[in-house]
Amino acid sequence: MFALRVSRRVGVSALRSLTTTPARPMSEMAFTFAAPNGVLYDGANVKQVDVPSFSGSFGILPAHVPSLAVLKPGVVTVYEQEGAPKKFFVSSGSVTINEDNSVQILAEEAHPLDCLDASEAQQALSQAQSQMNSAADEVAKAEAQIAVEVAEELIKAVQ
């Protein structure tokens, strides 16, 4: 019986060592941020990331509780170790906060705010509203409504 308990403990320890990732200092957070148009961060050490989600906007610091959230259209703010915060507009996506102090954002679209133009955002809103008004069925109307919501958040972001 004793041998069985010892072997179970050894087996559990061995299994834990295989399944856990190396510990990162609690003051560091590895950040990866990618979209189809490019990788914006790849394992970068950042201080904080603020994200817009459907359950509310929230900030992520090192040692954040592991979580998964769906991004809504809005601004992701990244606080690097040095310098001013960097802001990016995302249309949608997901954020994953892991136990090992790593964070990944996978966005449908992501663009630096300083690369966006207010007049183009207004044109996108007008076009989306026009598509919504002329939608022939419920699917087209829903797609146009999403485009309107994204364009409205884009206008807020660039103002």
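This one's a predicted model, so the numbers in the text were calculated from it and none came from an experiment.
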Output every pair passing salt bridge (charged side-chain N to carboxylate O under 4.0 Å, His left out) with a member in [range], not counting sequence neighbours, ordered by first then second residue.
range: residues 41-51; value: none
range: residues 80-94; value: Glu80-Lys86
range: residues 59-69; value: none

Would you say [X] and [Y] make side-chain contact, with heavy atoms under 4.5 Å?
X: Leu71; Y: Glu108; answer: no
X: Val103; Y: Met29; answer: yes
X: Val95; Y: Ile60; answer: yes

Of all the heavy-atom pairs spanning [X] and [Y], show the shortest one and how long it is.
X: Val148; Y: Met132; answer: CG2-SD, 4.3 Å
X: Val158; Y: Ala118; answer: CG2-CA, 3.7 Å
X: Gln131; Y: Ala144; answer: C-CB, 3.8 Å
X: Ala124; Y: Ala151; answer: C-CB, 4.1 Å
X: Ala157; Y: Val75; answer: CB-CG2, 3.5 Å

Take Asn101 and Glu28, measure what side-chain contact (heavy atoms from CB on, under 4.5 Å) needs, and give me the verdict at the end.
-> CA-CA 7 Å; Asn101 266 358; Glu28 293 182 8; 5.7 Å; no

Shared ILVMFWY cluster between Leu116 and Ile155, side chains joined below 4.5 angstrom?
-> no

In one Ile/Leu/Val/Met/Phe/Trp/Tyr side-chain cluster, 4.5 Å: Leu113, Leu154 = yes

Roughly how far apart are Ser67 OG and Glu99 CD, rounded to 0.5 Å?
-> 11.5 Å

Taken to the nearest 0.5 Å, the spacing of Ser102 OG from Asn45 CG works out to 12.0 Å

Please, which pairs that meet side-chain hydrogen bond (donor to acceptor under 3.5 Å, both in side chains) have at least one residue in residues 115-124, sequence neighbours excluded?
-> Asp117-Ser119

Any pair with a residue in residues 149-159 that passes side-chain hydrogen bond (donor to acceptor under 3.5 Å, both in side chains), sequence neighbours left out, goes on the list, sorted by first then second residue, please.
-> Gln145-Glu149, Glu153-Lys156

ILVMFWY cluster membership beyond Leu68 - transitive side-chain contacts under 4.5 angstrom = none

Using links of under 4.5 Å between side-chain heavy atoms of ILVMFWY residues, direct or through other members, which residues join Val70 in one cluster?
-> Phe54

Test side chain to side chain contact (heavy atoms under 4.5 Å, CB included) applied to [X] - qualifying residues, sequence neighbours left out:
X: Asp137; answer: Val139, Ala140
X: Ala110; answer: Phe33, Ala35, Leu40, Val90, Ala107
X: Ala44; answer: Tyr41, Val46
X: Leu106; answer: Ala34, Ser94

List for me each residue that meets ring-ring contact (aromatic ring centres under 6.0 Å, His included) alongside Phe89, sequence neighbours excluded, and say none if there are none.
-> none

Check for a donor-acceptor pair, side chain of Ser55 on one end and backbone N or O of Ser53 on the other, with a separation under 3.5 Å.
-> no

